[in-house]
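We count ligands from 1, going down the list as the structure has it; atoms in each ligand are counted the same way. Quick note: residue numbers are just sequence positions, from 1. Heavy-atom basis, side chains included; hydrogens, waters and symmetry copies ignored.
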Amino acid sequence: MTLSRVGVVGAGQMGCGIAQIAAVAGFDVLLTDIDGAIVADGLATIAASLDRQIRGGAVDAADRDAILGRVSTSTRLSDHSDAGLVIESAVESFEIKAEIFRQLDDFCPAATILASNTSSISITRLGAAGRRPQRVVGMHFMNPVQVMRLVEVVRGLDTAAATVDAVCDVARRMGKVPVTCADHPGFVSNRLLMPMINEAVFAVAEQVATPEAVDEIMSLGMNHPMGPLALADLIGLDNCLAVMRALHAELGDPKYRPCPLLVRMVDAGRLGRKTGRGFFAYPED
Ligand code: NAD
């Protein structure tokens, strides 16, 4: 058990990105998900993304095979038993994440750090689901993981200072800038970002402007690199709704109520880029 081995649970868009940057940084990586076809797709996604990084000059072509050789896959959580750090990045559901944490608690040595990439679920609650709350921490990566420099490191009430220091060190080894914050609904990033996205959805629902106009106003007027609705499509509207629901439930302020249009979009399966349709259409994805 050493911090040269990193486990990633969940081979979705974030989990693949985390596995990729960990392998580029020299860690041996095990990527797991519930289904063999999903992890196979994940590996293909990582290879394609790595090739884009090589074309862009961010990664040396000579390192390609060694980087991919450091990523292995499995469908068994028990295979994470020799990881020094496991980063959970499964769907945004407390029940699913808590069950993953309970199982990892059984399979991994007591010293293994269990991190979650959750956007909104309390790290303290996830820590309380197992027997090592002092070694449970939030490692909130930004999307796209390969590009964004921040990792928001979230301290649960019982997270040990040594755990925070260890994951900050890992984040730096991955070329990221860790910034710490306390375990409070939405942390810092989503407490500020998601109400803006939700308000953009209200503007569309109330026919103040089209999605194109809302995004153009925010990109050109506020110098945001992309508009809030394109960003919501990238993040996944299911993730956005989960964060708004957590903010609303935990802070109790009506200003955090999710826009009904956001709820309807998720009901309809229009989740953004990952389903080919959200506020905008992505036929090529
Ligand atoms: P995604 O839908 O692309 O992937 C989720 C993956 O979790 C899927 O591959 C699914 O098969 C897998 N999964 C479901 N149940 C599982 C289980 N029991 N065990 C293992 N894997 C399981 O979602 P995503 O956008 O990659 O988000 C993953 C996490 O990252 C969420 O907690 C989300 O809030 C967080 N996050 C997302 C973003 C973003 O912009 N999308 C940014 C930061 C953090």
So, are Arg76 and Asp79 salt-bridged, with charged N and O less than 4.0 Å apart?
yes
Could you state whether Leu50 and Phe141 fall into the same hydrophobic cluster, counting links through intermediate Ile, Leu, Val, Met, Phe, Trp or Tyr residues with side-chain heavy atoms under 4.5 angstrom apart?
yes
Pi-cation contact, Phe94 with Arg125 (under 6.0 Å, within 45°)
yes
Pairwise salt bridge (Lys or Arg N to Asp or Glu O under 4.0 Å) hits with a residue in residues 244-259, at least two apart
none
Between the side chains of Ser49 and Gln146, does any donor sit under 3.5 Å from an acceptor?
yes
Would you say His140 and Thr118 are linked by a side-chain donor-acceptor pair, where the criterion is simply a distance under 3.5 Å?
no
Show me, by chain and number, every protein residue that has a heavy-atom distance under 4.0 Å to ligand 1.
Val9, Gly10, Ala11, Gly12, Gln13, Met14, Asp33, Ile34, Ile38, Ser89, Ala90, Val91, Glu92, Ile96, Lys97, Ile100, Asn117, Thr118, Ser119, His140, Phe141, Asn143, Ile235, Asn239, Lys274
